[in-house]
Amino acid sequence: MKYFFLCVLGVMLALTSCEKIALEDEGTMVAPSDEGFGMASLTVTTRIGGGDENAVNAGCIYIFNQDGDCVQILSTDDESNTINLPAGAYSLYAVGGEDLGRFVLPTQANATTTSVITLKSGSVMDDLLMNSANVELEDGESTTQNIVLERKVLSLTEVEIKQVPANVTGVEVSLTPIYGSIRLDGTYPDTPTESYKVALSKQDDGTTWKAQPNQMLFPSKGKPSIKVTFTTDEGTKGFSYTAAEELPANHHFTISGTYVAPQGVNITGVLTAADWGEDRTISFEFDNDNVAYAPVAGQRSNGYYVVSVDATHRTAVLLALSTATYTKPAAGSAISAWSQALTTAMAGMEKPAGVTNNWRVPNLAEVSEVLQNPTLSQLGSSGSTGALFCQDGDNLRGAFAHCEDEVYTVYDNVDVVSTTSNVYLWPVIDIKY
């Protein structure tokens, strides 16, 4: 393992800025009196253990007094630096990495032991190591304190899917949830969490897709979901599996999977420690019973046409595979009887795999999407489609589209109670992905 040693020799470094961290002027230390009564001297030196070529080369130390105030931020370098501090108890919180400029670190003025460290917008995650220690400074004495930093990220080294069908034009693998930040004390806030996606490239054998992201990530929050998505000319098909254990920090993580038709995908995951931590192996598999969705509006996802997608809330609307058969109410029945007839018909329909919501009548926007898609709704000799049920609040009516000069116009004025024409029920269902 790569170690970053901070030797605290009872006295502290003259004020220098931590890499790319703005220090507040009002947070600097008060100069000691000439007599030096009640003061201690603290020196910080740093060195890298193990001679690792990826050794950490940037570090900061946050110094907190007994009241929880950050009295100094130290930058580490190859030289010893000294500063005076009042005697007393202090807590040292150290942060190290290859490039701390990629992170949003707390300033001295707003730092607390639970301050949150995040990745800067547009930056790519890099190595991050942290640890803390307590030190007691006596009057006129020196104290030595060693801090060995612990790695707080994992590395996704390689992702590989084998025996991919020839009609697949894209392969993507995602991990979720991944912690999105870390506190100065080394703990991870529950929110927000993130997903990491990596697109794979087809290899020369034509059936293997691979990526070598070598990407640093915060650990998973609990047992992560690993999703594999195949893209074809017909749409997307996804497979999802919940790992048997968490993905911890300080390990290289490799995913290697094999697609087995028609059962699905068998995945083997390997955690290799290299010079980070101990070797560990996790194995898992998933098949067509573990369906996941990667919906794209206007395309098919696992066979279902995607009417719309809300990427912000990660929801989508899927269209049923076909229209549903319902029993028409008796002549002169109220609109409530028609609604009940449709509800009864939809209750008996099979739902998409993994979806627990109920089928429903589409709204006007959704039915318009269906009516204007020639692959879904064919035009008759008059240039019009058949009528579909649509719901507008408490109003149930029929809608159809008319096409003239390749321009569609949707009409939603069909009175379902009095019309002699057939009004078709083509339900939709809401999903989360």
Next item on the list: Could you list all the salt bridge (Lys or Arg N to Asp or Glu O under 4.0 Å) pairs where at least one residue sits in residues 319-337, not counting sequence neighbours?
Entry: none
Note to self: Once rounded to the nearest 0.5 Å, what's the spacing between atom OG of Ser322 and atom CH2 of Trp426?
What the structure shows: 8.0 Å
Check: Atom CZ in Phe103, atom CD1 in Ile182: separation rounded to 0.5 Å?
Finding: 9.0 Å
What pairs of donor and acceptor atoms, side-chain ones from residues 168-181 against any protein atom, are under 3.5 angstrom apart with sequence neighbours left out?
from	atom 1	to	atom 2	distance (Å)
Thr169	OG1	Thr231	O	3.0
Thr176	OG1	Ser195	OG	2.9

Notebook entry, point to check: Side chains of Asn358 and Lys351: do they bring a donor and an acceptor to under 3.5 Å?
Noted result: yes
Item checked: With Lys221 via salt bridge (Lys or Arg N to Asp or Glu O under 4.0 Å) - residues at least two apart -> none
Check: What pairs with Ser418 under side-chain hydrogen bond (donor to acceptor under 3.5 Å, both in side chains), at least two apart in sequence or on another chain?
Finding: Asp415
Note to self: If I take atom CD from residue Gln212 and atom CG from residue Leu156, how far apart are they, to the nearest 0.5 angstrom?
What the structure shows: 11.0 Å
Note to self: Using the ring pair (Phe, Tyr, Trp, His ring centres under 6.0 Å) criterion, which residues pair with Phe64? Sequence neighbours excluded.
What the structure shows: Tyr93
Next item on the list: Applying ring pair (Phe, Tyr, Trp, His ring centres under 6.0 Å), name anything that partners Tyr196, two or more places apart in sequence or on another chain.
Entry: none
Item checked: Thr232-Asn167 side chain donor-acceptor pair, cut-off 3.5 Å -> no
Next item on the list: Name all residues meeting the salt bridge (Lys or Arg N to Asp or Glu O under 4.0 Å) criterion together with Arg183; count only those two or more places apart in sequence or in a different chain, and write none if there are none.
Entry: none
Next item on the list: Give every residue pair that meets the ring-ring contact (aromatic ring centres under 6.0 Å, His included) criterion with at least one member in residues 297-330, sequence neighbours excluded.
Entry: Tyr326-Phe389
Item checked: Residues in ring pair (Phe, Tyr, Trp, His ring centres under 6.0 Å) contact with Phe400, at least two apart in sequence or another chain -> Tyr411
Next item on the list: Could you list all the side-chain hydrogen bond (donor to acceptor under 3.5 Å, both in side chains) pairs where at least one residue sits in residues 375-395, not counting sequence neighbours?
Entry: Asn373-Thr375, Ser384-His402, Asp392-Arg397
Checklist line | Partner residues of Gln372 under the side-chain hydrogen bond (donor to acceptor under 3.5 Å, both in side chains) criterion, sequence neighbours left out | finding: none
Note to self: How about OH on Tyr424, more than 12 heavy atoms from neighbouring residues, nucleotides or ligands closer than 6.0 Å, or not?
What the structure shows: no
Item checked: Separation of His251 NE2 from Arg151 CZ (nearest 0.5 Å) -> 10.5 Å
Distance-only check: which donor-acceptor pairs under 3.5 Å involve side-chain atoms of residues 337-345, not counting sequence neighbours?
from	atom 1	to	atom 2	distance (Å)
Ser339	OG	Ile335	O	3.4
Gln340	NE2	Thr344	OG1	3.2
Thr343	OG1	Ser339	O	2.9
Thr344	OG1	Gln340	O	3.0

Next item on the list: Calculate, to the nearest 0.5 Å, the distance between atoms CZ and OH belonging to Phe239 and Tyr259 respectively.
Entry: 4.5 Å
Check: Rounded to the nearest 0.5 Å, how far does CG of Leu74 lie from SG of Cys60?
Finding: 8.5 Å
